[in-house]
K.L.:
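Structure incoming, see below.
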Amino acid sequence: MIPSPTKSKKRSPHGKKTLCIIGGKWRSLKLYAPPTQAKTPTTRPSKAILKESCFNTLAYEVCDSYFIEGFAGSGSMGIEALSRGAQGAIFCEQDPKALEVLRNNLELIKIPIVSTYPALSPSAKYPSSKSQHIYAHIIKGDSFLTLPPLLATFAHSSILYLDPPFFIRENYANIYEKCASLIAQIHNPAIKILIVEHSSLYTFGEQIGDFILTKSRRFGKSTLTYFTQGA
């Protein structure tokens, strides 16, 4: 008897679900991770322990705030914020493959993408903080170019999360100096809290512009540094 051919399992075109929401209404739901290139990955998912520590630190600050995620990758931090009660999230990303994964992850949680912009117009309308629905916005492009006009005019109480590529990678030697320059440009009281995920080999100054360093926690090769306006 001739054995029947073995059916090969088709891989999801979105890759494997290797990220997990760790709290809130979508707790334990698995998300897609962005594909990485073997030698020069452009995105990296945040560690679960780092993510849990971040949201334990933020606690109820997340509720009714917007979560703005620069260098969003798969959007795992912004989606975690949405799961925990954030009013909405804005994701900034320029890598096409990461953007595809981000959209797929938002589909998994059935969050409407209200709009996708090359850059957000200062006159863009956002849902009222009294809205019963949560929303996602995607900004396509370099976060250093697309974030400043948004951060200058955004009126909702917000948390900004920056997770740039590590500075030890090729062409990223001054990445944290560029982050500091971006932070120094923010003079908007609506941006309440700012968090940078960065290499533990780098240390930010105690004050950048209007923002005071309030806490820093190390997780192996990665560190979370927290800033608050006028703390």
K.L.:
So do E80 and K51 actually touch side chain to side chain, heavy atoms under 4.5 Å?
P.N.:
yes
K.L.:
Quick one: closest heavy-atom pair of L224 and C54, and the distance?
P.N.:
CD1-CB, 3.7 Å
K.L.:
Could you tell me which residues satisfy side chain to side chain donor-acceptor pair (under 3.5 Å) with S157, sequence neighbours excluded, listed by chain and number?
P.N.:
none
K.L.:
Please tell me if the side chains of I111 and W26 come closer than 4.5 Å, counting only heavy atoms from C-beta onward.
P.N.:
yes
K.L.:
Okay, side chain of Q229, backbone of I186: is any donor-acceptor separation there less than 3.5 Å?
P.N.:
no
K.L.:
With rounding to the nearest 0.5 angstrom, report the CZ to CD1 distance, F67 to I193.
P.N.:
10.0 Å
K.L.:
Test of understanding: with ring pair (Phe, Tyr, Trp, His ring centres under 6.0 Å), list the residues that count as partners of Y226, not counting sequence neighbours.
P.N.:
none
K.L.:
Got more than 12 heavy atoms from elsewhere within 6.0 Å of CD, E61?
P.N.:
no
K.L.:
To the closest 0.5 Å, what do you measure between CG (D163) and OH (Y161)?
P.N.:
5.5 Å
K.L.:
Within the 4.5 Å heavy-atom criterion, are I195 and T225 side-chain neighbours or not?
P.N.:
no
K.L.:
Side chains of L182 and P148: does their closest heavy-atom pair fall under 4.5 Å?
P.N.:
yes
K.L.:
Is the F91-H137 ring centre distance short of 6.0 angstrom?
P.N.:
no
K.L.:
Partners of P189 by side-chain contact (heavy atoms from CB on, under 4.5 Å), sequence neighbours excluded?
P.N.:
none
K.L.:
Classify the side-chain pair R217/T223 by whether it contains a donor and acceptor separated by less than 3.5 Å.
P.N.:
no
K.L.:
Please name the pair of heavy atoms, one in V62 and one in A81, separated by the smallest distance, quoted to 0.1 Å.
P.N.:
CG1-O, 3.5 Å
K.L.:
Evaluate the criterion side-chain contact (heavy atoms from CB on, under 4.5 Å) for residue pair L151 and L160; output intermediate values, then yes/no.
P.N.:
CA-CA 9 Å; L151 299 175; L160 174 62; 3.8 Å; yes
K.L.:
Test of understanding: with side-chain contact (heavy atoms from CB on, under 4.5 Å), list the residues that count as partners of S143, not counting sequence neighbours.
P.N.:
F71, C92, L147
K.L.:
List the atom of L108, the atom of K30, and the distance in Å for their closest heavy-atom pair.
P.N.:
CD1-O, 3.7 Å
K.L.:
Short question: side chain of S53, backbone of I49 - any donor-acceptor pair under 3.5 Å?
P.N.:
no
K.L.:
What distance separates I22 CD1 from N56 CG, expressed to the nearest 0.5 Å?
P.N.:
7.5 Å
K.L.:
Rounded to the nearest 0.5 Å, how far apart are NE2 of H156 and CD1 of I191?
P.N.:
11.0 Å
K.L.:
Check step by step if side-chain contact (heavy atoms from CB on, under 4.5 Å) holds for I90 and I139.
P.N.:
CA-CA 7 Å; I90 297 174; I139 307 178; 3.7 Å; yes
K.L.:
Would you say the side chain of I159 lies within less than 4.5 Å of the side chain of L194, judging by non-hydrogen atoms?
P.N.:
no
K.L.:
Determine whether a donor-acceptor pair (N or O, by modelled atom type, separation under 3.5 Å) exists between the side chain of N174 and the backbone of E177.
P.N.:
no
K.L.:
Do the non-hydrogen side-chain atoms of K178 and Y176 ever get within less than 4.5 Å of each other?
P.N.:
no
K.L.:
Give the minimum heavy-atom separation between G220 and S200, together with the two atoms involved.
P.N.:
O-OG, 2.8 Å
K.L.:
Test of understanding: with side-chain contact (heavy atoms from CB on, under 4.5 Å), list the residues that count as partners of Q207, not counting sequence neighbours.
P.N.:
I212
K.L.:
Before you tell me yes or no, could you show the steps for S216 and F204 under side-chain contact (heavy atoms from CB on, under 4.5 Å), namely the whole-Å CA-CA distance, both residues' side-chain angles and the distance that decides it to 0.1 Å?
P.N.:
CA-CA 10 Å; S216 190; F204 281 91; over 6 Å; no
K.L.:
So which atom in A136 and which in L106 form the shortest heavy-atom distance, rounded to 0.1 Å?
P.N.:
CB-CD1, 3.9 Å
K.L.:
Residues in side-chain contact (heavy atoms from CB on, under 4.5 Å) with L145, at least two apart?
P.N.:
D142
K.L.:
Side-chain contact test, heavy atoms from C-beta onward, threshold under 4.5 Å: evaluate it for E93 versus I138 and give yes or no.
P.N.:
no
K.L.:
To the nearest 0.5 Å, what is the distance between CD1 on I175 and OG on S199?
P.N.:
12.0 Å
K.L.:
If I take atom CE from residue M77 and atom CG from residue L162, how far apart are they, to the nearest 0.5 angstrom?
P.N.:
11.5 Å
K.L.:
With side chains defined as the heavy atoms from C-beta onward, is the minimum distance between Y32 and S74 less than 4.5 Å?
P.N.:
no
K.L.:
Test salt bridge (charged side-chain N to carboxylate O under 4.0 Å, His left out) on R103 and E107; report intermediate values, then the result.
P.N.:
CA-CA 6 Å; R103 293 189 185 97; E107 287 178 7; over 6 Å; no
K.L.:
Looking only at non-hydrogen atoms, find the nearest pair between G78 and A89 and report the distance.
P.N.:
O-CB, 4.2 Å
K.L.:
Can you tell me if S222 and H198 form a side-chain donor-acceptor pair at under 3.5 Å?
P.N.:
no
K.L.:
Given the rule in the side-chain contact (heavy atoms from CB on, under 4.5 Å) test, do E197 and L50 qualify, once you have shown the distances and angles that lead to the verdict?
P.N.:
CA-CA 9 Å; E197 180 180 340; L50 180 151; 3.7 Å; yes
